[in-house]
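When a ligand or atom number is given, it counts from 1 through the structure's own listing order.
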Amino acid sequence: MHQDFFKYQAQTTPHPLAMEVSHAKGSYIYDTSGNKHLDFVAGVSACTLGHCHPRVVKAVQEQMETYSHVMVYGEYIQEPAVALTKLLAEQLPAPLESTYLVNSGTEAIEGALKLARRVTGRSEILYAEYAYHGNTLGSLSIMGYEERKTPFGPLLPDCHAIVFNDEGDLEKITEKTAAVILETIQGGAGFILPEENYLNKVKERCKNTGTLLILDEVQPGFGRTGKLFGFQHFDIVPDILVMGKGMGGGLPIGAFTASKEHMMVLSDQPKLGHITTFGGNAVIASAALATLKELLETNLISETLQKEKLFRSLLVHPMIKEIRGKGLMLALMLESAEITSEVILECKKRGLVLFWLLFEPKAVRITPPLTITDDEIKEGCAILTEVLTSVSKKYPSA
Ligand code: PMP
């Protein structure tokens, strides 16, 4: 099995956390040797409702038996996509009304950038240092890690970095800027929250210069931080909202939402504003609709804040320098990259799935399903604490 994996996929060495997956249910992943692993990562924030949530399973099964793919959703009227975009609009403040469904967070970023350039007739895009928005050529162009981009250059022209949370840098937003794109909470950088009033100041400067504000909610979106979207913690509305990951309850989907007036630009001449064969796919849209309904009809979103408190109360240990983030988007900051890796690997051996953050090697990612129970949190934190204590013996100064 493993040999075939390395032979036929773009992998040559086993990932240190690799396991052969048998199945997954709720907050647990089961491997083919019969071991049970408590999942504190949720497919990198994608499995909002845990694994195989009955409501999502039922929605997918029913839709699959009705129809799956008949035509691009812009051409045929397909109820799951219509219902999903309507329910989203009902949750969002004006003027965020019109949603374009795509296949991933990255594709939604591409759509948002194209929309901003078409709406404003400008080309300059400002992005934040240490930002991550995906890996296609467009999204790489706005990645805040210059050294990771150079092997793929030349990338999109007219994309420039600003420093996240630096109000002084906002002067770089001018009448030439099409859009400023920010993660509402920086993910790969280490779960960095915007400082008080920062996003409001960005929005104000955008408004004064005719620049669009794009907020990337691929990580914090869909309830993870105690509101349906992270920007709802602040008194602002972006011009374009980008979604992905948790939206599909474990299935691949992305979306960008803007005002109807702006979104119409994509159907103006030249007509090919954005095209995607599977965007709005009926099965995937049904999964996303079931996920959103479950979030809205239960207390899962508000409970993320109580669960955050429980995590913070249980994760008190001399090895932990800080816990960053909000709700169930938490980053445990340790002394060094070496210690972080050791903790993650040792936890895996003891049945707890953790992960790194993309660009912050001292952080342990804790982004469990929103459905995780208090007992499961206690179980995982007990393993983590045990591991921290045993690793601390090797690094007495940490
Ligand atoms: N934006 C952010 C903030 C992300 O974290 C990610 C994925 N890690 C993306 C965009 C891209 O999403 P995807 O990989 O699902 O296309």
Report, in ascending order of atom number, the atoms of ligand 1 lying under 4.0 Å from any heavy atom of Asp216. 1 (N), 2 (C), 3 (C), 10 (C)
Please check: side-chain N/O of Arg350 versus main-chain N/O of Ile383, any donor-acceptor pairing under 3.5 Å? no
Closest non-hydrogen contact found for Glu129 with Ala161 is CG-CB, 4.2 Å
For ligand 1, which atoms, with element, lie under 4.0 Å from some heavy atom of Lys245? 5 (O), 7 (C), 8 (N)
Once rounded to the nearest 0.5 Å, what's the spacing between atom OG1 of Thr66 and atom CD of Gln61? 11.5 Å
May I ask you to identify, for Thr106, whether its side chain, its backbone, both or neither come under 4.0 Å of ligand 1 on a heavy-atom basis? both
Proximity to ligand 1 by part of Glu107, non-hydrogen separation under 4.0 Å: neither
Ligand-residue contact atoms, ligand 1 with Glu183, heavy atoms, under 4.0 Å: 3 (C)
For atom 9 (C) of ligand 1, grab the closest protein heavy atom and report residue, atom and distance to one decimal in Å. Val218 CG1, 3.8 Å
Are there over 12 heavy-atom neighbours, none belonging to Glu196, within less than 6.0 Å of that residue's CD? no
Shortest protein contact, atom 15 (O) of ligand 1 (heavy atom only): Gly105 N, 3.6 Å
So with a 6.0 Å cut-off around CD of Glu297, is the heavy-atom count from everything else above 12? yes
Atoms in ligand 1 flagged as close to Gln219, the criterion being non-hydrogen separation under 4.0 Å: 5 (O)
Element-labelled atoms of ligand 1 that are located less than 4.0 Å from some non-hydrogen atom of Ser104: 16 (O)
side-chain contact (heavy atoms from CB on, under 4.5 Å) between Ile377 and Leu314, intermediate numbers included: CA-CA 9 Å; Ile377 294 174; Leu314 294 169; 4.0 Å; yes
Do the ring planes of Phe256 and Tyr100 sit parallel (below 30°), tilted (30 to 60°) or perpendicular (above 60°)? parallel
